Each structure stands twice: as C-alpha cells, then as structure tokens.
Q: 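Input: one structure, supplied below.
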Amino acid sequence: MTRKITLLALLLVSSLSFAQIGPVGHLTIFSEDGDKFTLILNGEVINDTPQTNLRVEDLNQPYYNAKIKFEDQTLTEVSKNNLMLTDVDGNFSDVTYKIKRDKNNKTKMKMNFFSAIPVQPNFVPSSNVHVVHYGQPRQVVVTQPVVVAQPVGGVTQTTTTTTTQTGGANVGVGVNVGGINMGISINDNMSGGAVTQTTTTTTHTGVQTGGAVYVEPVRGCGGNSCMSPRDFNAAMSTIKAQSFEDTQLKTAKQVISANCLNVDQIIQIANTFNFEDNKLEFAKYAYDYCIEPRNYFKLNGIFSFSSNVDELSDYVQSRQ
C-alpha cells in the first residue's frame, strides 16, 4: 500500500512538472544604428531600461503584436502586428529583427525581418545582449545615493538594491488509494514559488586619494570585456575579405553588434575604410559597444576633416 501511494505521488509531481513545459520561441531585436529602445509585446512592457540589443526568450504564442518606443523621442515609434515566431509548419523558431533608420528620413524608423533559425536548447547569447525571460517577474530596482563624509573632498557612494519576488503555487490534491483518502500538498518551488532574492551592489563613483577625489572610469557595453585578440583577428580577416567597402561596413557592424570592443580595436576596424563617411558612420555605431567610452576621443585621429571630428564629438556628447 505504501509503495502504491509513493508511486502515485511521484507520478502526480512529474505530471505537474511536465505540464509546465511546452514549445516556445525566442525573439531578438537589435538596432543597427545603436538607438536604444523599449519593446512592448501584446501591451506588456518587456524591458524597463532601453536597450540596443534585446532578446526575449520563452515566448509561447505563435504571433505577437509588437511596438517599439525609442529613448530618443524624436524618433518615430514602430508597430508590427502579427509578428510571427513559427515557421510554415508551425514550429517555433529563434527569430531576429533589425531596426534601422530610413535613408531619406533619419527620424523615421523601420523594423525588418533579419533571420530565423530552429530553436537551440543550449544556445548562449552574446554578452552584450540584454536577455529577458518572458513570463518571469521583472526586477524591482531601488537606488539610494549615500554621501560619505571625508576630511578633504567627498566620495559619493551609490547603493542599488535589487529585489526579485516570484509568485508560487501550492497544489492540494485529494487521493483515494484502496479506500484510503489522502491529502497531498505540493509546494511548487521549482517554478519560483515564494522565493525572494535580494542583491545589493555598491558602486563608488569617487575614491579619496591624498586629499583629492579620483573618479573611477565608467565602463561601457554593460561592463563586459572586449573581444579576445584571436576572435578580433578573425573578425578583421572577415571584414577585409569583402570586395566592396559597403559590404565591409555591413560586416563590421554585424561583428560588433554581437561583441564588445576597446577603442584600439574600433580604430583598427575604422581604418579599413577609405571613405571618411564610412569611418564616421562606423565610429558612431561602435560607440555603444565600446568598453571605454571615456577614451573615445582617440578616434578623432582617424579623420582628415575637422568637420567629421566635430560631428563625432557632438554624437558622443548626445549619447552620454
């Protein structure tokens, strides 16, 4: 009798677990020109902080109505109804869309289909891609600035507390085995039942050094590391192998849209272009993928015309 009850309970737990698993698709949207955006799917805001490269995983519907709002409010919103996540056979896919500016109207935005591949269970996104798991609760972030007194000067310390609380399920089941009534209560902690996680991060924006305040450099591209020399050399070879400069530029953008670079790496790629317009376009695009934005002034040396130096400087200031 005990064995029968135990087996029945195990089967019940297994059925509850597998009932939550179903086919899902994934959606990636990236901005070719580095414009930060917020994605809204079926009326639900997906990312509270605007991103340039966003991936939404575990989407369980074949179609979604999507809306894109930009951090730069001068840019027009983009809407796409019935955005499809399945192929012609109804199988869920890993779909990518690209956002770009209209060539004739720089404030008009377009979102076009880019690619679709079968869903890969062990797929690992690039480090500069912001990943959101659809259906999971978004984090609640509370930032509390604290000023720490010092004998000379001062240091500003910012403490950010992130609390994620998920709702759980408690399943009560009545079982009758051989005339014996049993009540089984199952806490569904595997799917996030009543779990609260709190992460506190303290960032020092100034360091006391001999009576002066030294401001630590701000790291870009999400604080990630740049491409390894081996990967970068392979990327450079691919870019240089293209026959036309326009194709080289598109390939270079494709490379950095999935990677982070330091200033020297960006300069090396920019110098592969002969036309200054292409150098300028690439330098603007690469800014959001640079791990050391404070040193971006070094790119001024790649230009022969001061007007391009001024245009890049104005662009960088507008992004800060």
Side-chain angles (χ1 to χ4, degrees), residues 26 28-37 47-57 71 94 96 98 120 122-133 139 141 143 157-160 162 164 197 199-207 214-241 248-273 279 281-302 312 315-316 319-320:
H26 310 307
T28 298
I29 301 176
F30 71 92
S31 171
E32 184 179 74
D33 300 305
D35 296 302
K36 295 185 177 182
F37 61 87
N47 55 306
D48 294 317
T49 303
Q51 304 293 332
T52 59
N53 201 330
L54 176 67
R55 178 178 173 84
V56 187
E57 296 187 339
E71 185 178 51
D94 197 328
T96 301
K98 175 177 67 175
Q120 302 175 23
N122 298 321
F123 178 81
V124 179
S126 301
S127 58
N128 67 313
V129 179
H130 183 78
V131 179
V132 175
H133 294 278
Q139 293 180 333
V141 180
T143 303
Q157 173 180 294
T158 302
T159 301
T160 302
T162 302
T164 303
Q197 297 177 334
T199 303
T200 301
T201 303
T202 301
T203 303
H204 295 277
T205 57
V207 179
Y214 165 70
V215 179
E216 296 177 348
V218 176
R219 288 179 59 83
C221 201
N224 297 301
S225 300
C226 64
M227 292 181 71
S228 67
R230 179 179 178 180
D231 290 341
F232 179 74
N233 290 336
M236 284 290 291
S237 298
T238 302
I239 294 170
K240 291 179 179 179
Q248 288 181 336
L249 179 59
K250 290 180 180 178
T251 303
K253 287 183 176 181
Q254 182 181 4
V255 168
I256 67 171
S257 66
N259 296 281
C260 296
L261 290 80
N262 60 35
V263 166
D264 291 336
Q265 290 173 332
I266 294 173
I267 291 175
Q268 289 184 57
I269 295 178
N271 282 330
T272 62
F273 308 123
K279 287 185 178 182
E281 182 177 347
F282 176 77
K284 288 181 178 180
Y285 184 81
Y287 179 74
D288 286 331
Y289 303 95
C290 180
I291 66 169
E292 42 179 348
R294 288 182 179 271
N295 292 330
Y296 219 69
F297 66 90
K298 293 181 180 180
L299 270 79
N300 294 346
I302 68 175
L312 179 61
Y315 178 82
V316 170
R319 305 294 295 177
Q320 294 175 347

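Given the structure is predicted, the values throughout are model-derived calculations rather than measurements.
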Q: Evaluate the side-chain proximity of Y289 to I266: yes if any heavy-atom separation is below 4.5 Å, no if none is.
A: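 A side-chain contact is absent here, since even the closest heavy-atom pair is not under 4.5 Å.
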Q: Got a sec, which residues hit salt bridge (charged side-chain N to carboxylate O under 4.0 Å, His left out) with K98, two or more places apart in sequence or on another chain?
A: E32
Q: Kindly give the heavy-atom pair with the smallest separation between P125 and E57, and that separation in Å.
A: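 Distance-wise, the nearest heavy atoms are CG-OE2, 4.0 Å.
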Q: Can you confirm whether I291 sits close enough to L261 that some side-chain heavy atom of one is under 4.5 Å from a side-chain heavy atom of the other?
A: no
Q: For residues V255 and M227, report the shortest heavy-atom separation together with the two atoms involved.
A: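 Taking V255 first and M227 second, the nearest heavy atoms are CG1-SD, 4.2 Å.
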Q: Compare the SG-SG distance of C290 and C221 against 2.5 Å and report whether it is shorter.
A: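 No, C290 does not link to C221 through a disulfide.
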Q: Any side-chain heavy-atom pair from F30 and T96 closer than 4.5 angstrom?
A: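 With C-beta onward as the side chain, the pair touches.
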Q: Could you state the interatomic distance from NE2 (H130) to CZ (R55), rounded to the nearest 0.5 Å?
A: 13.0 Å
Q: Measuring only between side-chain heavy atoms, which start at C-beta, is K36 closer than 4.5 Å to S31?
A: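 With C-beta onward as the side chain, the pair stays apart.
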Q: Output the distance between atom CD (Q268) and atom CZ (F232), rounded to the nearest 0.5 Å.
A: 4.0 Å
Q: Are any of the side-chain heavy atoms of M236 and I269 separated by less than 4.5 Å?
A: yes
Q: Which distance, rounded to the nearest 0.5 Å, do you find between the CG of N262 and the OG of S225?
A: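 So the CG of N262 and the OG of S225 are separated by 10.5 Å.
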Q: May I ask you to test the T251-T238 pair for a side-chain heavy-atom distance under 4.5 Å?
A: yes
Q: Between I239 and Q248, which heavy-atom pair has the shortest distance, and what is it?
A: O-CG, 3.2 Å
Q: For K279 versus I302, what's the shortest heavy-atom pair and its separation?
A: NZ-O, 3.4 Å
Q: L312 and side chain to side chain contact (heavy atoms under 4.5 Å, CB included): which partner among Y296, Y287, F297?
A: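 Result: among Y296, Y287, F297, Y296 is the only option passing the side chain to side chain contact (heavy atoms under 4.5 Å, CB included) with L312.
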Q: Identify the two heavy atoms, one from R319 and one from G34, that lie closest to each other, and give their separation to 0.1 Å.
A: NH2-O, 2.6 Å
Q: Output the distance between atom CD (Q51) and atom CG (D35), rounded to the nearest 0.5 Å.
A: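 Output value for this atom pair is 13.5 Å.
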Q: Checking the side chain of S228 only, and the main-chain atoms of D231 only, is there a donor and an acceptor separated by less than 3.5 Å?
A: yes
Q: Has the side chain of D33 got a donor or acceptor atom that lies under 3.5 Å from a matching backbone atom of K284?
A: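 Not confirmed, D33 side chain does not pair with K284 backbone.
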Q: Okay, side chain of N53, backbone of N128: is any donor-acceptor separation there less than 3.5 Å?
A: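 Here the side-chain-to-backbone pair does not exist.
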Q: Nearest 0.5 Å, what's the OG-CG distance between S126 and N259?
A: 6.0 Å
Q: Please name the pair of heavy atoms, one in F282 and one in I256, separated by the smallest distance, quoted to 0.1 Å.
A: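 The pair with the smallest heavy-atom distance is CE1-CD1, 3.9 Å.
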Q: Assess whether salt bridge (Lys or Arg N to Asp or Glu O under 4.0 Å) is satisfied between E292 and R294, documenting all intermediate values.
A: CA-CA 5 Å; E292 42 179 348; R294 288 182 179 271; over 6 Å; no
